[in-house]
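Report on the structure given below.
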Amino acid sequence: MFAPVPRQPDHREIEPRILKLWADRGIFQKLVARNRGKPKFKFLDGPITANNPMGVHHAWGRTYKDLFQRYRAMLGQDQRYQNGFDCQGLWVEVEVEKELGFKSKRDIEKFGIDRFVEKCKERARKYSAVQTQQSIRLGQWMDWDNSYFTMSEENNYSIWHFLKKCHERGLVYEGTDVMPWCSRCGTAISDQEIATEGYREITHKAVYFRLPVLHPSDFGLRPSDEYLLIWTTTPWTLTSNVAAAVHPEIDYVRARRDGDTYILAKSLLHVLGDKAQVIEELKGEKLVGLRYKGPFDELGPQQGVEHRVIPWDEVSAAEGTGIVHIAPGCGKEDFLLGKEFNLAVIAPLCEDGAFADNFDWLKGMDAQAAAQPVFDSLEKKGLLFKVEDYTHRYPVCWRCGQELVFRLVDEWFISMDSLREEIKESARQVRWIPEFGLARELDWLSNMSDWCISKKRYWGLALPIFRCECGWFDVIGSREELRTRAISGWKQFEGHTPHRPWVDEIRVSCGKCGKPVARIKDVGNPWLDAGIVPFSTTHYLTGRAYWQEWFPFEFITECFPGQFRNWFYAILAMSTVLEKRSPFKVLFGYASMKGADGRDMHKSWGNAIDTDEAFDKMGADVMRWVFCRHNPVQNLNFGYSLGDEVRRKLLTLWNVYSFFVTYANIDKWTPGAGFRGQKSEPQSLTPDPQSLSLLDRWILSRLNSLVKLTRERLDDFDPSSAPRAVEEFIDDLSVWYVRRSRRRFWKPALSGVEGSASDTDKQAAYRTLYDCLVTLAGLIAPFMPFLAEELYQNLAQPSICNLQSAICNPSGRVPLPESVHLCAYPEPDLSLIDLDLEKEVGLVRAVVSLGRAAREKSNLKVRQPLEAVLVRLNEPGEEEAILRHAETIKEELNVHDLRFSMKDQKFPAGYRVEESPERAVGICTKLTEELENEGLARELVHKVQNLRKAAGFDVVDRIRLHYQASPRLAAAVREFEDYIRHETLAVVVTDEVMAEPDIRESARINREPAELALKRVRE
Ligand SMILES: [Zn+2]
Ligand SMILES: [Zn+2]
C-alpha cells in the first residue's frame, strides 16, 4: 500500500520533514562517500558576502549551483562541495559601524582597531551561520562544516604570495590619482564599484559664471570687458580651477550683452538670453592659450597659478556653455588633462571631505555644503551669471549612499598594461554562457585601468607592502618571510591572524637606508580576497598535490552584470599571474533579479522579498523551479505571482500522483505485484511491449524523449529548457494520458486471473503510470529535491520494497537506494522512443482541439452527442494517422462518425468549422431526436456522478438509482438504461419511489424536470 496522498502538497510540512529525513539518515554523507574516487566534477563556489542574511537573489544563484552539483552527483561524479564566505572589506565595516553607532573613522580609532576588527570577524561568523541555515532550507547540499572563509590565514597569505609575484614582475607601484571618494567611509571607491551599483539621480545647483579674459589683444580680440562664460555642477571645485577647456573644432561666438562681451559656444548662445548680439564667430582653436583671471585667486593655494584655455576633444556643445572648467585635483579627466598640459594640481579636500587648512575662509567646510558660500563669493566679485537646479545621475557610495567627491589620493596599484593581453588569452580559454560574456569581458580587459588594490580602512587583507621614507619598498610574500625579516614586533604579532592592528607592529629593515620600516596602513581591495580562492581553497601553497587534482575548475556560475569587472576579472587576473591560464573552463552567467514590478528591489518600495518569508510562503521547491525555468539571460522580475503560477503546474503533477495512489490502493496494486504476474522476482520496469496500448507506448515515448532531452540540456549547462519540457510532459500525462486512461483504472478490481484481457490492460496502465511518476521523481530531483524525495519515498518505498526501479541501474539487481538523490540519474530507453507516434498523437490532439473549439462556438453542451466530425487535412499521410486514432477523436468530440473532406472542398451546410493553417475541422450541429435522448442520458449520468460524490460514496460502490421524470426524459432513460447502469455502477435503475435514500435531488436535465434518489448497495 502507498501512503494516502493529501489533496494538495503542503511545503510547510513536506520540506522540513524531508530535511530531517536527509539529516537522520546522513543521505548527503552517503552520496559523497559513494562517489569518492569516481570521475570528478570540479565546481568552484564564488563566495557570498557574509554580512547580512541571504537575499532572494542569492537563492537564485545558489539554486543553479545546487542543480548542477546534484545532477552531477546523480551521474556519480566526485565533488568537493565547498561553499565560500566573503568576509573582509568595507561592506562589513559599514555594518559594524552602524551597529556601534559610529559616524566616522575617528570613532573607530577611539574604539580601538583591534576591538573593531574582532567585531568585524564576529559579524562575518554570525552571518555565515545564518546563511548556512538558509541555504540548507533552500535544499542546497554542501559540506557545510568545511566552508571556506576569505578571512582565513591561508586565503590572506595566498594573496601575499600573489602580490609578491606581481612585485617580482615590477607591477606593484604607489601612484597619485584622482579617485571617487566617500568622505563618510574615508576611502576611495574603485571604478568597478561605481560601475556596478554606484549612481543615483540627484538635483544639484549648477552655476553659470564669468571669468575675465587677460590681455585679449594678444589674441586679436578687442580690449574691452571680455569674459569666458563657464558652467559647472560642482561649485566647490571652482576653488581649485586652473584651466578652461574648449573644443578646437566647435564654433564659438563673442556676444555683447549689457555692455559686456561673453565667449561661449555658438549653439548655446541662448544662455545669454534674446538681448545678446553676436559680434564675432570663431573656432575653439583660436581661443586656446588665452589667459584669464581665476575665480578664487585670493586663496593661498591659487598663488602663482596661471589660468589658461586648453583644447579638449571631449568638450560638448550640447549643454552648459561649451567651455569646461578644469580642476586637476578634483576630477579624473581633469587630472589626466593636467598631466597632458602640465597644469598645477590643487587638492582642496581632506579625507573627511572638508576643505584643507590652507583654504582660508573655506577651511573645515564640507565640500557639498560649500555651494552657497561659493555663489556668494562669486556674486561679490561680480562673476556670478546665474544659478539653476540641475538633475543628473551622480556617483554615490555603494555602501553608505553618501555622495562621492573626487579627490587626489595616494593609492597602491597593480600595473595592468603588461598583463592585459595575457588575461585576455585566459578569458578566451573559457566557454562563456551566454556567449556574449566573452566579448563583455574582453571589452573590460581592453579598457580597464590599473588595478587599485588599496583602501584606507581597517578590516581586510593587510597589504604586505613595507615602505621607507627614503622611497624604498618591498612586498612580503609569506608568513615565513615576514618572520625571518622582522627586526621587531614579531612577538606582538605572533598568535594573531595577519590583520590590522597586530601585523602593523612588525618592522623590517629598509633595503636602501637600513631604517626600521613599517607596513603601509592600507588594507586590500576585497576582490583580491575572492580572486585568490581557486588557489587558496585547493592549498596551492600548502598541499600542491591536492591543488593539482582539482585545478583548473570545470564550472563556475555567478550573476553576470556585476562580475565582469569583479569576480570574473579577479580570478582571471590572479590565475594568469600565477599559472598563466584561466582557473575555470565553463562559466554560466545569469542576469539580475528585480522586483515583480521590474524595478530594483527596495524595502521602501514594497517590492522586496525576504528570503525566509519566501521559503515560508512559496516553499523552496517552488522557488527553485521558478529560478530554473527562467531564461537566465533576462532579468528575473521575482514576486509571489510567479510562485502561484508554478504551484498550479505542480498541482497538476500532484493530482496525477494522487490519482495513481488512490486507485493503486483500491486495487492493492504494488510494483512488486508484478507486471506479468510475477510476485517476488525483482524485475525491470520496462513493461512488456505486447500488452501496451497505443496510449501507453505514446506516454513512454514522451517520457524517454524527456529524459534524453533533460540530460542533454543539463550536460550543456542549460538549466531552463528541461523544466519547460517537464511542464509540457506533466500536461501530456494529466490531460491526455491519465484522462484518457481513467476507465482502464475503473475496471473491476484486479481479478488475479493471469492473462485475462482486462487484467493485462489494467496492469499495463498501472505499470506505465508508475514508471512515469517514479522516473519523473528522479528527473526533477536536482531541480526540486523535496518534492522528488516525497514522491520517491512513497512510490518506490525503498525501505520496505526490494525492487529496483528504472531509474536505478536498470541492468543490475541492486536494492533500491534509500533516497532519490542516491539513485542514478534516469537514462533514456531509446527503444521506447517512437517519434512518429509522438507526432501522430500531436496531430490527433490538434484535431481534437480544433473540434472542441468548433463545438464551443456552436453552444452545444459537451455531453450532447453529435452526428459527425469532418476533417480536412493538407499534409499527405496524415489521414492514415487520423484513422488509427479515429475512436479517440470520436470519443473526445462526442460524435458518432469521423469523415474526411477533400482538400479544397467546402464544408456542407450545418457544420461549424475551425481552421488552422495546417487543417480544418467541422462539427455537424444538426440534432436528431435520438441524439437528443442520448444527450439527456449523458446529462443524467453526470448528475448522478455528482450526487455520488456529494453523498461520499467510494468510487467502487454500487448503487440503486430511483427517478421520477417527465415522459420525454423517462423515455430517454429507458432507451439508454444499460449505458446509465454501466457508467454509474447502478445495479437497479427504476422509476419507483425510494423510501430512505442516502441522497436525493430535484434536478433539471436539459430543461426536463427529474427527481433523483441514490442508495448505496451493501454487499
Ligand atoms: Zn561610504
Ligand atoms: Zn630607507
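Quick note: residue numbers are just sequence positions, from 1. All ligand and atom numbering here is 1-based and tracks the order in the structure.
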Partners passing side-chain contact (heavy atoms from CB on, under 4.5 Å) against D366 (at least two apart in sequence or in another chain): Q368, A369
Which atoms of the protein, restricted to N, O or S, are nearer than 2.8 Å to the Zn ion (ligand 2)? C468 SG, C470 SG, C510 SG, C513 SG
For the Zn ion (ligand 1), report each protein N, O or S atom nearer than 2.8 Å, sorted by chain and then by residue number. C182 SG, C185 SG, C397 SG, C400 SG
State whether a side-chain donor-acceptor pair under 3.5 Å links S183 with E351. no
Flag, side chain of R507 to backbone of D504, donor-acceptor distance under 3.5 Å: yes
Going through the distances and angles, do M54 and V130 end up as a side-chain contact (heavy atoms from CB on, under 4.5 Å)? CA-CA 8 Å; M54 173 173 126; V130 171; over 6 Å; no
Partners of Q492 by side-chain contact (heavy atoms from CB on, under 4.5 Å), sequence neighbours excluded? E505
Taking the six-membered ring of Y569, is NZ or CZ of R565 closer than 6.0 Å to its centre and within 45° of its axis? no
Could you check whether F413 and W451 have their ring centres less than 6.0 Å apart? no
Establish, from distance only, whether the side-chain atoms of T497 and K121 form a donor-acceptor pair under 3.5 Å. yes
Flag this pair as yes if the NZ/CZ of R500 is under 6.0 angstrom from the six-membered ring centre of W459 and inside a 45 degree cone about the axis; otherwise no. no
